[in-house]
Each structure stands twice: as structure tokens, then as C-alpha cells.
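Notes follow the structure.
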Protein chains: 2
Amino acid sequence: MSNQQTRTTARLREMILNGAFAPGERITESALASALGVSRTPVRLSLSVLEREGLVSSEPNRGFRVEAYSIGDISDAIDVRGTLEGMAARLVAEDGLAPHTAAALEDCLEIGERIIAKRAITPGDASDFGEMNGRFHKTIIEACNNKALENGLDLTHKMPFVEPAVIAIHDTIDGQQQMMVAQHQHRLIFDALENGEGARAEALMREHANVSKQALNVIGASIESGEHSAPPSLRLVTS
Amino acid sequence: MSNQQTRTTARLREMILNGAFAPGERITESALASALGVSRTPVRLSLSVLEREGLVSSEPNRGFRVEAYSIGDISDAIDVRGTLEGMAARLVAEDGLAPHTAAALEDCLEIGERIIAKRAITPGDASDFGEMNGRFHKTIIEACNNKALENGLDLTHKMPFVEPAVIAIHDTIDGQQQMMVAQHQHRLIFDALENGEGARAEALMREHANVSKQALNVIGASIESGEHSAPPSLRLVTS
DNA sequence: CGCCTAAATATTGTATGCAATATCCTGGTC
DNA sequence: GACCAGGATATTGCATACAATATTTAGGCG
């Protein structure tokens, strides 16, 4: 995808997730185009992308509407991610853990270990942990060589808070605890993969996705209590 | 989606699945547009849709290429469908089978029963069975009210032979047997749903997807042996 | 006053044009 | 002969124009 195109899609996605449109509201392409300072062409493309992500819907000759959208939908998407990643883990375990995959995962484990071992955890650490977490998951997914699986997971990742990397954004106690739990689960998952325990790997991976759900709850609660201002892509959780 | 737009996408998808392009071949929009008798605009839109389906890929300013694509990829997509539908079945069982859902499923069971009971099965029966099968699956999926799940499954359905309705296209012994197996599995799945047996429903539904895989194998074999000419969307299985 | 009808308006769907970028071809150099 | 530079060509990305289709509005009728 081209540069301008990508930016327009990202901006539009953020607008929708931020609640810039009422649920069910019709989107007129020309208005949106002038609002974003581009022509209708990239807007149209973007809307079609977002339709695939389920953020808008369209009818022939009648344009696009924004879909109603709740925090429950995000939670549902996390469930789907957990299920698909569980499948991925099972496949990897059953097919045998390839050496370079094992090495990549062990690298992730080691990084996590170092972060957890620290007494005081800085925001930078949390961000590093998130990056590592994303890589851990990505490594397992790509090890499957299953295009349909990757496509399906890519779809879920388009929703806010669903991608594994957004774990533990806060420097709160909850965030620390979630990191420690996640790290522990990573170790167990790796063990299952190494030993070819498919069913166990699947179950662990599924459960692992609940960490993201907990993070989602923490964020939702902190916003509702007015404790935090809502950064981009967060306002929707209050609706 | 508009009419012309939809047709172009469908034609293009069929062309790619039929092997009209070599794997990795670059697609020039203008050539394709004139070949299809439309302008570049709908072609561009269509290519972007197909990119999300994984049939083509794109790089900024460098256009689209068709993705290499094998029968294994279809099989993989069926696995993903089985996993997601298994999740759907589990959710329905856990949340409790709503009366109207149960009624719709029972209707499907009855139709299947009537078809199976016949001694000689006509092509029309096979087609009816496929339609019923599609409805059975759709009913369970929609009963979840999980958008991400529906979106993910929609994605897999874009691949040929993955959608449940394409079961048992042949009037062969294999086709009959597959219908009977599918019908039996439907009964078991319904039983599990009715009794709230989530894990059982999930396992059954997952296994149920293998019927599609068997059908895929039958079709693949019959084409390789030259026994059948390849209808649209079938030539790819020989590659 | 409500409802139907039809013109006026707005919006989408498609085609086309132009600038930016990539690809290819030609000629030269080592 | 292989490799590199630079211009010619082709292709993409975006904007705009126009036709087809929806939506709105105004007016007439019961």
C-alpha cells in the first residue's frame, strides 16, 4: 500500500475508533475527503479496507455506514486471537519446533527474564516487554506457514488492544503483574512446544490471550473513573 | 459493494484461482482493465480486496503480484475454518442454545434426514444438501454474535472449497458417504449444543471440517486423473 | 393536515488525466 | 563481454470529471 493511502486508512480507523462518528452514521466520501485534505479516491480505498475490518459496512450505491462497536467486540476479537494462536501453537508443537524458531523464542524468553528481574520497571521496560511479546507471538504464528491463519490473525490485530504488543502499557502494579504472568506463560508455552505437547500448547496459548483481556479491563476502568485522559483509540471504551 | 465492482472482483478472483497468472507474476492494472473491459478504478479496488484475501500482494508504487498458491493453502484454510467454527460451537453450547437457533438447526437436521433417506440421490439432492449444510454452519456462527469471529470466517470462505456449502458436489459414492457422515456429525453437534457440552461441541465441529478436506481430496484426485474437466476455480488444484 | 409524486439536489460509481515513481533500454566504459 | 549511467518508457497514485443512482424537497391532491 502506498504512503498516502496507508495514512488515510490509519487516520480514518482512528477517527472511527475514537467515536468521531455516531454508530450507524452514514459517511459521505466527499465530506470526509475534504476533511482529510485528500481526494475521494484514497478515501474510498480506505473505506473498503475498513469494511473488511468490520468497522464500516456498505450497500451498493448507498455508501458506507460506521458499524456500532463496543468494548465487548474487542473482547470477542481477543477470544478469536486466542483461539487462532492456540491453533498455531498446537501446529508448531505437532510439527516439531524448528531450531531457528526455538532460538527466536528463547531469545524472547531471555529478554523477558531480564526485564522481570529488575526491581523498578521503567516505562521503557514495559515498552520493550511489549515488543518482545509481539515477537514471541509472531514467531509462533509464522512458524506454521499457514497463510489463512496469518490472514485471520492479521484481521483481529487491526482492532485496538488486540495485538499482543499492547500488553502492559501502564506502569501500575497491574501492569507489572501482567508482565510476570505473561512471562511465566511464555515459559510454559515454550516447554510445551519443545516437548511436542500440542494440546497443552494450545490450551496455554488460549489462556494466555486473557492477559490482554485483563489489560483491556484495567484500561477501561481507569478511563471510566476519569483517572486517565483517553489517548487516541481509547475513547470508544467508554461508550 | 457496487455491481460492476463486485463482478470485477469475482471475475478476477476466479481468474487467479484458475491459474490465469503465473505465481509471482506482476499484474499491470491497465492491461487487466482493458482485458476486462473496465477502467482502472474498479480493477484497483478489486485488487485491494483480493489482497486482503491473500490472493495478491502489493508493494508501494510497485503494484500487485499474484501470490503463489497451492492446494495445501486451501487445506490450511479449512483447518482455520474448523478451528473457528469449533470456537463458535463451544460458545453457543456455553451460552445456551436459544430456542430460535435450535429450531433453525432442527430444520436443517430434518432436511438432511429426508435427503439421506432416499435410495437414489440426484444432483439436485446433493445441491440441496450443500445449501442445508451452509445454513447449519451459518446458524451456529451467527448465534455467537461475535463480529471478529464472523469476519475471520468470512475471510476463509473466500477460498474455493472452504465454504461448507461446497460439500459433496459429486454424485459419486464418496459424495454420498460424505453426506451421510456430515449428517451424522450434525446430529452429534446439535446434541452437544443442546446439552451445553462446550468442549464436545468444539471437538465435533473441528472434526466436522475434515469432511471438506476429504471432498477436496476427491476432487483433486479426479482432476489429476483427467476423469473430470476442471470447472471454474478448480484448475488450481492441479498445480 | 397527511400523503403521494416529481423535480431538484446530493452522493456514489466509473472513467480519465496528470504528476510521481519505477522499470526498461540504450550507449558507453572498463 | 559485463557492468554502470542516464534518458525513454511504462506504471502507479491521486485528483478530477461525468454519468447513474439515491435522497431530499417542494408542490399538488385527497
Side-chain angles (χ1 to χ4, degrees), chain A residues 1-16 19-69 151 154 158, chain B residues 1-16 19-69 151 154 158:
Chain A
M1 289 277 154
S2 98
N3 210 344
Q4 162 113 5
Q5 171 59 27
T6 308
R7 257 184 327 203
T8 302
T9 306
R11 286 179 64 187
L12 193 46
R13 186 187 296 119
E14 208 166 281
M15 283 174 73
I16 293 174
F21 307 92
E25 181 180 344
R26 181 164 174 185
I27 297 183
T28 61
E29 299 170 3
S30 45
L32 194 55
S34 58
L36 294 176
V38 296
S39 87
R40 277 178 54 215
T41 309
V43 168
R44 220 172 145 62
L45 245 320
S46 294
L47 283 169
S48 119
V49 170
L50 296 179
E51 180 177 23
R52 182 58 82 182
E53 294 176 19
L55 292 183
V56 302
S57 60
S58 75
E59 282 180 282
N61 291 320
R62 306 182 76 186
F64 293 87
R65 291 184 179 282
V66 307
E67 283 283 300
Y69 191 94
N151 289 339
D154 281 347
K158 293 295 179 351
Chain B
M1 289 273 157
S2 101
N3 211 341
Q4 162 111 6
Q5 170 60 26
T6 308
R7 259 184 326 204
T8 302
T9 305
R11 285 178 65 187
L12 193 46
R13 186 189 294 120
E14 210 166 279
M15 284 174 72
I16 294 174
F21 307 92
E25 180 180 344
R26 180 165 175 186
I27 296 182
T28 61
E29 297 170 5
S30 45
L32 194 55
S34 57
L36 294 177
V38 296
S39 85
R40 278 178 52 215
T41 308
V43 168
R44 219 172 147 64
L45 249 315
S46 294
L47 284 169
S48 121
V49 170
L50 296 178
E51 178 176 23
R52 275 160 260 146
E53 293 177 18
L55 291 182
V56 302
S57 61
S58 76
E59 283 180 282
N61 291 320
R62 305 181 79 187
F64 293 87
R65 293 184 178 282
V66 306
E67 282 284 300
Y69 191 94
N151 289 338
D154 281 347
K158 291 298 181 339

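Reminder, nothing fancy here: chain letters follow the sequence lines and each chain counts from 1. Computed from a prediction, not measured in an experiment: that's the story for all the values here.
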Rounded distance in Å - CZ (A:Arg62) to P (C:dG13): 11 Å
Taking only side-chain nitrogens and oxygens of B:Thr41, does any of them come within less than 4.0 Å of OP1 or OP2 of C:dT14? no
Please report the distance, rounded to the nearest Å, between CG in A:Leu47 and C1' in C:dT11. 13 Å
Starting at atom CD of B:Glu59, determine the distance to atom P of C:dT23, rounded to an integer number of angstrom. 8 Å
A:Leu32 CG to C:dA10 P: how many Å, rounded? 18 Å
Both B:Arg40 and B:Arg26 contact DNA chain C. Taking the nearest nucleotide for each, which residue is further toward the 5' end? B:Arg40
Nearest heavy-atom neighbours spanning B:Ser48 and A:Ser48: OG-OG, 3.9 Å
B:Leu36 CG to C:dT14 C1': how many Å, rounded? 14 Å
Want to settle it: does B:Thr28 or A:Gly37 sit nearer the 5' end of DNA chain D, counting the closest nucleotide to each? B:Thr28
Beyond-backbone contact of B:Tyr69 with B:Val56, side-chain heavy atoms, under 4.5 angstrom: no
If you measure from CD on B:Glu51 to CG on B:Leu47, what distance do you get to the nearest 0.5 Å? 9.0 Å
To the nearest angstrom, the CZ-C1' distance between A:Arg65 and C:dT11 comes to 12 Å
Salt bridge check: are B:Arg13 and B:Glu53 linked by an N-O gap of less than 4.0 Å? yes
How long is the line joining CD of A:Glu29 and C1' of D:dC14, in whole Å? 15 Å
From CG of A:Asn61 across to C1' of C:dT14 the rounded distance in Å is 11 Å
